[in-house]
Amino acid sequence: MSPSQPHSLTLITGSSRGLGEALARQSLEAGHLVVGIARGRSEALEHFAHERGLPLQQWQADLSNPLQIAQHLADWLRTQPREWTAATLINNAGVVTTPGPIDGESLPVLSAALRVGLEATLLLSAAFLDATRDWSADRKVLNISSGLGRRAMAGSAVYCAAKAGMDNLSRAMALDEEHKAAKGERAARVVSLAPGIIDTDMQVQLRSGDLSKFPDRDRFAAFKSEGQLATADDTAARVLKFLARNDFGQQVLADVRDA
Ligand SMILES: NC(=O)c1ccc[n+]([C@@H]2O[C@H](COP(=O)([O-])OP(=O)(O)OC[C@H]3O[C@@H](n4cnc5c(N)ncnc54)[C@H](OP(=O)(O)O)[C@@H]3O)[C@@H](O)[C@H]2O)c1
């Protein structure tokens, strides 16, 4: 690896818009090689990286069918030089279905939401940890969770399930990493972080819900009208600051608002 090449690798799902796009832009600015994964591409991100000569790859993949992309990630990581100082996987992609009870939603839509939010997180994490097992890099997995993984809300059962699953997946993965460290093996650090409420498409979807199926709708409308939503850029800065903390991983379930 030459001195001009990046020393940090950051993989970010859901990088085409919202929080993921802001995380990708700020990671590029910090000099990382960024690999974004989403169905779409961000032209703004492409332009940003191109103008500055920053190393960005945008992989287009549907995370509701995550097996192939997880395998591809593992294969690609194995072709990478091992001299990275840091390697981070941020599982940020998430899906909110039309707010309402599960029996009012189509089965394929429910299945896809759970797969993006939970199965993709598990498979990409497994691929990342396995393919980088022998790297000397400081390895981290950051799962973007939600307060709704820790408390339930009507009209969002699949989202609540995916985030609660993500939280306990992270806790169990962290125990496995602790066990590896105790055996003298290289271990990664794992955190499941609630990012606060952010002014993105996801919030638009929630406040546009049908009140008869989503009793909390007006609370979401008030978040916007009362100026309570953070920008994606501000949230990304807080998330990346959290990621850089020396004690990252000591508390597996965390909330950026408590930091
Ligand atoms: N916004 C909030 O207030 C809030 C609050 C708590 C937690 N969060 C969490 O923060 C994270 C980012 O949320 P956000 O608000 O930025 O969401 P968003 O604006 O809706 O963006 C979601 C991202 O996920 C990607 N994605 C969705 N379905 C996908 C699929 N099938 N395959 C691949 N990528 C897919 C989207 O890309 P494509 O559509 O291009 O595929 C997009 O880049 C999520 O995990 C969310 O649960 C958000």
Side-chain angles (χ1 to χ4, degrees), residues 11-26 34-46 58-70 72-73 89-99 108-121 123-124 142-151 153 156 158-167 169-170 191-209 216 219-224 227-236 238-240 242 253-257:
L11 309 153
I12 305 173
T13 67
S15 51
S16 61
R17 53 198 161 87
L19 177 60
E21 186 186 42
L23 287 167
R25 190 181 316 107
Q26 291 179 27
V34 173
V35 176
I37 306 174
R39 288 167 304 182
R41 289 166 62 81
S42 164
E43 290 309 323
L45 203 55
E46 199 68 49
Q58 295 194 71
W59 296 357
Q60 286 182 261
D62 185 347
L63 291 171
S64 68
N65 194 3
L67 200 49
Q68 210 178 346
I69 187 67
H72 176 73
L73 175 65
L89 169 66
I90 306 180
N91 286 301
N92 162 79
V95 175
V96 157
T97 53
T98 305
V109 166
L110 293 173
S111 170
L114 196 59
R115 281 164 172 247
V116 173
L118 187 54
E119 187 181 333
T121 299
L123 294 189
L124 292 173
L142 174 61
N143 294 326
I144 302 297
S145 183
S146 166
L148 291 176
R150 298 157 199 180
R151 65 183 170 78
M153 179 174 77
S156 61
V158 69
Y159 185 78
C160 290
K163 296 301 190 188
M166 173 185 260
D167 279 354
L169 167 68
S170 306
V191 166
S192 195
L193 183 70
I197 46 174
I198 322 157
D199 200 357
T200 64
D201 293 349
M202 190 171 277
Q203 285 287 330
V204 176
Q205 220 180 327
L206 288 164
R207 63 177 175 268
S208 321
D216 284 74
R219 204 160 56 83
F220 283 86
F223 289 158
K224 178 68 175 173
Q228 292 185 50
L229 298 176
T231 65
D233 271 335
D234 285 350
T235 305
R238 294 184 75 178
V239 168
L240 293 177
F242 189 95
L253 297 196
D255 191 312
V256 86
R257 290 164 290 191

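As the structure lists them, so they are numbered: ligands from 1, and atoms in each ligand from 1. In this chain, numbering begins with 1 at the start of the sequence shown.
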Problem set entry | Which of the ligand 1 atoms, numbered from 1, are nearer than 4.0 Å to a heavy atom of G18 | 16 (O), 19 (O)
Exercise. Looking only at heavy atoms of G196, does any of them come nearer than 4.0 Å to an atom of ligand 1?
Worked result: yes
Problem set entry | Enumerated ligand 1 atoms positioned under 4.0 Å from heavy atoms of A61 | 32 (N), 33 (C)
Problem set entry | Heavy-atom proximity to atom 14 (P) of ligand 1, best of L206, T200, V256 | T200
Exercise. Of Q58, R17, R41, which has the heavy atom at the shortest distance from atom 39 (O) of ligand 1?
Worked result: R17
Exercise. Under 4.0 Å from ligand 1, counting heavy atoms only, is it the side chain of N92, its backbone, both or neither?
Worked result: both
For this session: Rounded to the nearest 0.5 Å, what's the gap from CG on L23 to CG on L142? Could you check?
Result: 8.0 Å
Exercise. Which bit of P195 is near ligand 1, meaning a heavy atom under 4.0 Å away: side chain, backbone, both or neither?
Worked result: side chain
Seminar exercise, completed: Honestly, for A120 the part within reach of ligand 1 (heavy atoms, under 4.0 Å) is neither
Seminar exercise, completed: closest protein heavy atom to atom 22 (C) of ligand 1 is G94 O, 3.9 Å
For this session: Could you tell me the residue and atom name of the protein heavy atom closest to atom 30 (C) of ligand 1, and the distance to it rounded to 0.1 Å?
Result: R39 NE, 3.5 Å
Exercise. Does any N or O atom in V95 lie less than 3.5 angstrom from one in ligand 1, N or O only?
Worked result: no
For this session: Answer with side chain, backbone, both or neither: which part of K163 has a heavy atom less than 4.0 angstrom from an atom of ligand 1?
Result: side chain
For this session: Examine the proximity of ligand 1 to Q203 and report which part, side chain or backbone, both or neither, has a heavy atom under 4.0 Å away.
Result: side chain
Seminar exercise, completed: Note: S15, heavy atoms under 4.0 Å from ligand 1, region reported as backbone
Seminar exercise, completed: Of M202, Q205, M166, the one whose closest heavy atom lies nearest atom 13 (O) of ligand 1 is M202
